[in-house]
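Data first, discussion second: the structure below is written as structure tokens.
By convention in this document, chain letters (A, B, ...) are assigned in the order of the sequence lines, proteins followed by strands, and residues within each chain are numbered from 1. Since the structure is predicted, the reported quantities are computational estimates derived from the model, not experimental observations.
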Number of protein chains: 2
Amino acid sequence: MQIRSASRDFKQQKVVAVTRKDQVYTILRQAIISSQLAPGEAIRKEVVAAQLGVSRTPVSDAINRLADEGLVEIYPQTGTFVARLWLEKIETAQFVRVALETAAIRRTTEQLTPETLEWMQQNLEQQRHAAAHREFEHFYELDEALHDMISDAAGLVGLREIASRERSQIDRVRRLLLHYEARMAETLVEHEAIIAAIADRDADRAAKTMETHISQMGRMLLHLRDKRPELFKS
Amino acid sequence: MQIRSASRDFKQQKVVAVTRKDQVYTILRQAIISSQLAPGEAIRKEVVAAQLGVSRTPVSDAINRLADEGLVEIYPQTGTFVARLWLEKIETAQFVRVALETAAIRRTTEQLTPETLEWMQQNLEQQRHAAAHREFEHFYELDEALHDMISDAAGLVGLREIASRERSQIDRVRRLLLHYEARMAETLVEHEAIIAAIADRDADRAAKTMETHISQMGRMLLHLRDKRPELFKS
DNA sequence: CGTTGGTATGTAACATGTTAGATGTTGCGA
DNA sequence: TCGCAACATCTAACATGTTACATACCAACG
């Protein structure tokens, strides 16, 4: 008993705990980012629990995590809602994204392996194919994978998870904007420029490319707010 | 509802949160960062719940949040433990901190108000005083406040919360290292250099200062690992 | 003596009942 | 008609009972 509570040399297990709350979290997050659950929509824990065949506990746990992530808003004793888009917060998320990814690129360029570059260029090739065939969902997956590669290539434990988390607001917006046809082409061009800059070991150019891209996104966002104000806060 | 004052194991503090789980979270987080709860130590939910006079539910909620933050590790059906220090993760946290704060400084220098600068310099003056009198706890609070100012000065909604969250690993280490007497003086010098750079609108210099400081911290960490290996993972 | 498997134990995960509080409605009185 | 208070209703927060599972222990067996 004392041996257990002391737990000095606890065996570390690398197992990915596949608990119910994790599953619920993944399902809900996916639904929110893909706008299957629309911004502002109410989430009834009881209903979700019934639909997924679990009790309210794992649903509450998952929703708490989503609240920390800024994807839902919980009003105590009142209700839980999918977070509306909030321009100021999206701006902050963009700032964080640029800061992290440009710093990651800076680090990556110092220790870039040919294999990593090869992977990125393969991903780009697939993006071109997806864009040419207007496969939005597939393009989006490749997009996400590329960003993960950039985070991973810096060689820092856990950086991908942090970057991914802070990107979630943006991911939701990106996914909405991707359906503007021109957007996918623009995104592809930007990605190509970034990878080219990495290949040239030119982090400054990559950073600049990313920043200009962001201002583009800002304009599209204002356009979206005019067309669908119900998705936005205040 | 009262988080019982009978909880002598935890330092009493101002609790601004409204719900019980927020209060428990704040108390536990404070206890972990201040090393009142040591790395590797087991956390018994039931015991914590009893000590704070609440049920297991808000304790579990708080611990889940701390797990997301990387301050505790939950092993399902086995136990919950205060996370040990892990050099690789600390390195990642340092990377994130530098990336965010230098980017924030870059932004701040473009829109710095005399009031903000005045606040920072006042804070510095208090730090000098605290350092001169070896007031570790007070110095630490001022340190944290200065970082918050830097985040806030960028004028981005929610940035402070993100930066604070990603800094929590580092804060724990800083607090341990602060008790090396020389450390406080070094930290003060670094802060002075950063503020001076901001005042000069020289973000590059601030960034460089920060990075050199980090390598210093890395050395002290290795030293700490030799002296107290039980605090570290692997 | 080392290995194995059954079992005891303790924990987080999960289920479900209860409480407090926020909100919306209605009805009464001015 | 308007103000407002009592109340009905709904929700998340909270409490607590139950289950599944990871681990430790120990005895039986090779």
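Checking each of B/Ile63, B/Val59, B/Ile27 against B/Val48 for a side chain to side chain contact (heavy atoms under 4.5 Å, CB included) leaves exactly one that passes, namely B/Val59.
Under the rule for a side-chain hydrogen bond (donor to acceptor under 3.5 Å, both in side chains), B/Thr57 has no partner lying at least two apart in sequence or in another chain.
Among the heavy atoms of the strands, none lies under 4.0 Å from A/Ile63.
A straight line from CZ of B/Arg44 to C1' of C/dG10 spans 8 Å, rounded to a whole angstrom. Between A/Asp61 atom CG and D/dC14 atom P the separation is 13 Å, expressed in whole Å. The NZ atom of A/Lys21 sits 6 Å away from the P atom of C/dC14 (whole-angstrom rounding). Between A/Asn64 atom CG and C/dA13 atom C1' the separation is 15 Å, expressed in whole Å. Here the P atom of nucleotide D/dA22 and the CZ atom of B/Phe81 are 14 Å apart, to the nearest Å. For the pair A/Tyr25 OH and C/dA13 P, the computed distance is 16 Å after rounding to whole Å. A/Arg65 places its CZ atom 11 Å from the P atom of C/dA13, with the value rounded to the nearest Å. At whole-Å resolution of the value, CD in A/Glu46 and C1' in D/dC10 are 10 Å apart.
Contacts of residues 67-79 of chain A with DNA chain D (heavy atom under 4.0 Å): A/Ile74, A/Tyr75, A/Pro76, A/Gln77, A/Thr78, A/Gly79.
B/Thr80 has a side-chain polar atom (N or O) that falls below the 4.0 Å cut-off from OP1 or OP2 of C/dA12. For D/dA12, neither phosphate oxygen OP1 nor OP2 lies less than 4.0 angstrom from any side-chain nitrogen or oxygen of A/Lys45.
Residues B/Gln94 and B/Arg97 have side chains that never bring a donor and an acceptor to within less than 3.5 angstrom of each other.
With rounding to the nearest 0.5 Å, the separation of CZ in B/Arg219 from CG in B/Leu177 is 12.0 Å. Distance CD/B/Glu186 to CE/B/Met217: 12.0 Å, rounded to 0.5 Å.
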Please tabulate, for side-chain N and O atoms in residues 157-166 of chain A, each donor-acceptor pair with protein atoms closer than 3.5 Å (sequence neighbours left out).
| unit_1 | atom_1 | unit_2 | atom_2 | d |
| --- | --- | --- | --- | --- |
| A/Arg160 | NH1 | A/Asp152 | OD2 | 2.9 |
| A/Arg165 | NH2 | A/Asp68 | O | 3.2 |

Residues 74-87 of chain A side chain polar contacts: donor-acceptor under 3.5 Å, at least two apart:
| unit_1 | atom_1 | unit_2 | atom_2 | d |
| --- | --- | --- | --- | --- |
| A/Tyr75 | OH | A/Glu73 | OE1 | 2.8 |
| A/Thr78 | OG1 | A/Pro76 | O | 3.2 |
| A/Arg84 | NH1 | A/Glu230 | O | 2.5 |
| A/Trp86 | NE1 | A/Glu88 | OE1 | 2.9 |

Give me the distances for all protein-to-nucleotides 15-17 of chain C N/O pairs that come in under 3.5 Å?
| unit_1 | atom_1 | unit_2 | atom_2 | d |
| --- | --- | --- | --- | --- |
| C/dA15 | OP2 | A/Ser55 | N | 2.7 |
| C/dA15 | OP2 | A/Ser55 | OG | 2.5 |
| C/dA15 | O5' | A/Ser55 | OG | 3.2 |
| C/dA15 | N7 | A/Thr57 | OG1 | 2.6 |
| C/dT16 | O4 | A/Thr57 | OG1 | 3.4 |
| C/dG17 | N7 | A/Arg56 | NH2 | 3.3 |
| C/dG17 | O6 | A/Arg56 | NH2 | 2.3 |

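A salt bridge links A/Arg175 with A/Glu137; the closest basic N to acidic carboxylate O contact falls under 4.0 Å.
Residue pairs meeting the ring pair (Phe, Tyr, Trp, His ring centres under 6.0 Å) criterion with at least one partner in residues 142-176 of chain A, sequence neighbours excluded, are A/His147-A/His191.
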